[in-house]
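Comments concern the structure below.
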Amino acid sequence: MVNPLARPSEREVWDALARVLDPEIPVVNVVEMGIVRAVHLEEGRARVTITPTFSACPALHVIRDEVAAAVRALGLEVSVQSVISPPWTTDWISPEARRKLEAYGIAPPTPAGDTPLIALEANPPRCPRCGSFNTAVKNTFGPTLCKTIHVCNACREPFEAFKTV
Amino acid sequence: MTDLTPQARATLILRFTALADDELILAQRNGEWIGHAPILEEDIALANLAQDELGHAETWLRLRAELDGSDPDALAFGRDATEFRCAQLLEYPRGDWAFTLLRQFLFDAYESVWLSAARASSYRPLREAAEKMLREERFHLQHSALWIQRLGLGTDESRRRTQAALELQWPLSAQLFVPLPGEAELAAQGLLPDLSALRPRWEESTRQHLGACGLSVPAWGAPEDVWSRDQHSPHLPELLAEMQGVARADPEAVAW
């Protein structure tokens, strides 16, 4: 049994959630990716609100289970709710997570904004290997829904980039 | 949403079903390319498109579930063709590469104008879903529009095939804009986009791109050849037989 006097604080819940890694990109966690939207603590119960990056993200149920497990490990009862509004944007990815993505070989997203419906990629991502901006899109769709495939014209290496949404 | 009239609720259920069915059937057709696309990158792209459409189908069925408590899986895998409300354009076999990508382009353009308009709906769950999906659809339209360019301005053979696909698909596209029963009233009330206002916007953008890609847009078919969404092609039951086969073989299964 958990001593009610030692109930975890909201800060501790957030810290526990920051140890839950993104199942598809296991170098970043679900907090710095902007997936965890809110934590609400009341009488030993936690309500955690998460949002999917992409509607069809197959990792969402894994994230939901791991988020719940992380909170339960603190001795709290937990409910995890998934919402789609406001829609997730790559602008919510923290600077630290962007650095981790780049070090992992995935070019981080460029700032989101309203782009015309039929347009080619406006901002080329920077090559995570050599740092060149001289890159070209190879494929709008990559190995997961959230990534595109690019090639660097400077170092000739292909690389993945996070889609900007 | 307690303030919906029973009639509005019934029409929203119908519209969410139609939206889900279009996506679900297109996802199934695109999925048929997995392992068969001309190059690996396109195999992956078609799988991505299918996955997105499937996610969107699920979103629409959840919106329907909020209104009638239905089970999305049971609807996807347990209904017969007569209960589906997809447009025939999406039912046709995948055909060749030009056929698949042209259909994708026409549908992506339709979905983009529909979702853009749905962001102004007075029904909050619809507004929120449209906002979310529109961000994802942008990548679809980019991809399919680029392919129409490659195919239309490619070789004689690629243009001939794309033109042939357009002759069949353009008249079929009219069905996308046929309102469901009660839909016109809901559009007037601001709950749903007005299809009659969307059609010229869709037509203008698709015509412009198709023309720039060296393709000639055929005439519309006769008005009597534009079906309502409860009229299906013979391709739908065939598709469902395959798509629903496993689920129907063991309806009690919770996981495979």
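As a basis for the values below, the full set of heavy atoms in this structure was taken, side chains included, without hydrogen atoms, waters or symmetry mates. Proteins come first, then strands; the chains are lettered A, B, ... in the order of their sequence lines, and each starts at number 1. Since we're looking at a predicted model, the values are computed, not measured.
- Rounded to the nearest 0.5 Å, atoms OG1 (A/T140) and CH2 (B/W147) are 11.0 Å apart.
- Other residues, nucleotides and ligands contribute at most 12 non-hydrogen atoms within 6.0 Å of the CZ atom of B/R62.
- Of all non-hydrogen atoms in A/W88 and B/R135, the two that sit nearest each other are O-NH1, 3.7 Å.
- Counting heavy-atom neighbours within 6.0 Å of B/E204 CD, excluding the residue itself, gives a total of 12 or less.
- Using a 4.5 Å heavy-atom cutoff, the side chains of B/K132 and A/P52 are in contact.
- With a 4.5 angstrom heavy-atom cutoff, B/A47 does not touch chain A via any of its atoms.
- For the set A/S85, A/S55, A/P143, A/G142, the entry with the most heavy-atom pairs within less than 4.5 Å of chain B is A/S55.
- Neither the backbone nor the side chain of A/T90 comes within contact range of chain B; no heavy atom of the residue lies under 4.5 Å from a heavy atom of that chain.
- For the pair B/D52 (side chain) and A/A56 (backbone), a donor-acceptor distance under 3.5 Å is absent.
- Both the backbone and the side chain of A/T89 have a heavy atom closer than 4.5 Å to some heavy atom of chain B.
- Side-chain atoms of A/I149 and B/E41, non-hydrogen and from C-beta on, never get closer than 4.5 Å to each other.
- Looking at every heavy atom in both residues, B/R138 comes nearest to A/T164 through NH2-O, 3.1 Å.
- Two residues are said to be in side-chain contact when any heavy atoms from C-beta on lie closer than 4.5 Å; B/Q51 and A/P58 meet this criterion.
- Heavy-atom minimum distance, B/E42 versus A/N139: N-ND2, 4.4 Å.
- Aromatic ring pairs are classed by plane angle as parallel below 30°, tilted from 30° to 60° and perpendicular above 60°; the pair B/H143 and A/F141 is perpendicular.
- When heavy atoms are compared at a cutoff of 4.5 Å, A/P86 does not approach chain B at all.
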